[in-house]
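Accompanying notes for the structure given below.
It should be emphasised that the depicted structure is a prediction, and the values quoted were computed from it without experimental measurement. These values consider heavy atoms only, across backbone and side chains, with no hydrogens, waters or symmetry-generated copies.
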Amino acid sequence: MNEHAAARTADAGETTGALARKLGVSPTTLRSWDRRYGIGPALRTDGRHRRWTPEDVAMLQEMCRFTAAGLPPAEAARAAKERARARAPSPAPAPARPPGPAGPRVPKSAPAPSLPASTPAPGSGTGVPLGDVRQDCRGLARAAVRLDAAVVQSLLTSAVETHGLATAWTEVMVPTLRAVGRKWESSGDRYVEVEHLLSWHVSATLRHLYVRATREPSTGVPPVLLACLPGEPHTLPLEALGAVLTERGVPALMLGGSVPAEALAAAVRRVGPSAVVLWSQSRSTANQPLARHVAGTRWGVRGARTRSLVLLSGPGWAGDPEPGLLRPRRLDEALRMLGAPEH
């Protein structure tokens, strides 16, 4: 194959690595499916480099749908290939042959195996409605539905490295978490294990980045205090904010979920934070009197006492904030209020 022909062939399909990220599987899994079940690429440049055509991709998406629905890989591969054959255009009829001795009969293709009732519908390939999102979300959702922890973690790490932490959180992690949460709420107790797995790995990723970026604060630079209100267990958004703050050089102190009112007030007096971020996921935990108390707490030496900036974050806070309180609606707004805009 000459150089120009090789270039045309290379441009004709996706690489194994790119396709693996799109589908939410590892490159090793794709190679294993090719070797074991014949679910392989149509193009191989120089006999080695694999290039996956749109038809190959469609067949692999079927494979992912079937395995996510619970079919064993061998059955899923047979079903995916059968679907691919059904989609392929019919070949032109062969010219009539003269009568002759009958040859051996070729059996018709076996029908695709029946699928369990929970087989995901065509679309995202996950059974989880994602809508118009980045391709990274689809791959992440597929890996989470399969409970493939290694690939989930690999895709999360890749998203942070590719897009940056703030964008990875808002455009990859949050949409996928919301989609999995909606699926769980609409299907009883199904998919709860998927949400738990995904949430745990998102949290692990954020905490790792927070710890890696944490530095001893400079003298006279108070931290931002992050706390969930009493009775509020949802910490992931605060973990994301804390990780981005520390990444951008703003010290952050995380108190975590369901912080008692007395403990929160004591921490404000002891730490003297530059700002306090109070997270509320639902209206039942949004505590306006406590927020006013924190905003009114003065700290520091006598004669130079000051107050902390207070941010009310999360969907639990309804309406406009009271005077003296800030209400960021998005992560980028909170970062600007806290003096940590994008560099």
Side-chain angles (χ1 to χ4, degrees), residues 164-171 173-174 177 202-203 206-207 209-210 213-214 217 220-300 305-343:
L165 177 53
T167 300
W169 166 253
T170 57
E171 298 187 19
M173 299 178 192
V174 169
L177 284 165
V202 168
S203 179
L206 296 172
R207 294 187 187 198
L209 295 170
Y210 169 83
T214 298
V221 180
V224 174
L225 189 65
L226 309 173
C228 290
L229 289 163
E232 180 55 70
H234 296 89
T235 63
L236 277 183
L238 282 188
E239 292 176 33
L241 177 59
V244 178
L245 285 172
T246 53
E247 179 187 59
R248 298 185 181 182
V250 178
L253 180 62
M254 166 67 83
L255 296 187
S258 300
V259 180
E262 298 81 3
L264 176 59
V268 171
R269 291 192 298 270
R270 290 174 58 190
V271 175
S274 61
V276 179
V277 182
L278 301 175
W279 178 266
S280 170
Q281 184 74 17
S282 65
R283 295 192 180 186
S284 63
T285 61
N287 190 327
Q288 288 282 359
L290 179 56
R292 287 195 297 268
H293 176 74
V294 172
T297 300
R298 300 178 66 87
W299 47 267
R305 297 174 72 80
T306 186
R307 299 175 183 177
S308 303
L309 193 67
V310 176
L311 280 67
L312 309 181
S313 297
W317 300 102
D320 296 327
E322 297 183 9
L325 303 174
L326 298 177
R327 178 73 172 93
R329 306 287 175 172
R330 303 187 308 273
L331 175 62
D332 58 343
E333 289 184 3
L335 292 170
R336 284 196 299 271
M337 293 175 181
L338 296 171
E342 187 175 1
H343 300 306

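One distance of note links CG of Leu311 with CG of Leu225; it measures 12.0 Å at 0.5 Å rounding. A distance of 4.0 Å separates CZ of Arg207 from CD of Glu239, quoted to the nearest 0.5 Å. Taking CE of Met337 as the start and CG of Leu326 as the end, the distance is 5.0 Å to the nearest 0.5 Å. Distance check, rounded to the nearest 0.5 Å: CG of Leu312 to CG of Asp320 gives 11.5 Å. In this structure, Leu229 CG and Gln281 CD are separated by 11.5 Å, a value rounded to the nearest 0.5 Å.
Between Leu209 and Val244 the shortest side-chain heavy-atom distance does not fall below 4.5 Å. Side-chain contact between Trp279 and Leu236 is absent, with no heavy-atom pair separated by less than 4.5 Å. Contact check for Leu335 versus Leu241: side-chain heavy atoms found under the 4.5 Å cut-off. Gln288 is listed as a side-chain neighbour of Leu325, based on a closest heavy-atom distance under 4.5 Å. Arg269 has its side chain within reach of Thr297: a pair of non-hydrogen atoms, C-beta onward, lies under 4.5 Å apart. With a 4.5 Å cut-off on side-chain heavy atoms, Leu206 and Ser203 do not count as touching. The shortest side-chain heavy-atom distance between Leu331 and Val174 does not fall under the 4.5 Å cut-off. Contact of the Leu309 side chain with the Ser274 side chain is not registered, since no non-hydrogen atoms from C-beta on lie closer than 4.5 Å.
In terms of heavy atoms, Leu226 sits closest to Gly242 at CD1-CA, 3.5 Å. Counting all heavy atoms, side chain and backbone alike, Asn287 lies closest to Pro289 at OD1-CD, 3.2 Å. When all heavy atoms of Gly314 and Arg327 are compared, the closest pair comes out as O-NH2, 2.9 Å. The minimum heavy-atom distance between Ala166 and Arg248, with the atom names listed, is CB-NH2, 3.7 Å. Residues Trp317 and Ser280 approach most closely at NE1-CB, 3.6 Å, considering heavy atoms. Scanning both residues, Tyr210 and Leu253, for their nearest heavy atoms gives OH-CA, 4.4 Å.
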Atom pairs and distances, side-chain donor-acceptor, residues 256-265, under 3.5 Å, sequence neighbours left out:
residue	atom	partner	partner atom	Å
Ser258	OG	Glu232	N	3.4
Ser258	OG	Glu232	O	3.2

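Taking a 6.0 Å sphere around CZ of Arg329, one finds it holds more than 12 heavy atoms contributed by other residues, nucleotides or ligands.
Residues passing the side-chain hydrogen bond (donor to acceptor under 3.5 Å, both in side chains) test with Arg330, sequence neighbours excluded: Asp332, Glu333.
Side-chain atoms of Glu171 and Thr167 form no donor-acceptor pair, as typed in the model, at a separation below 3.5 Å.
A donor-acceptor contact shorter than 3.5 Å links the side chain of Ser308 to the backbone of Pro273.
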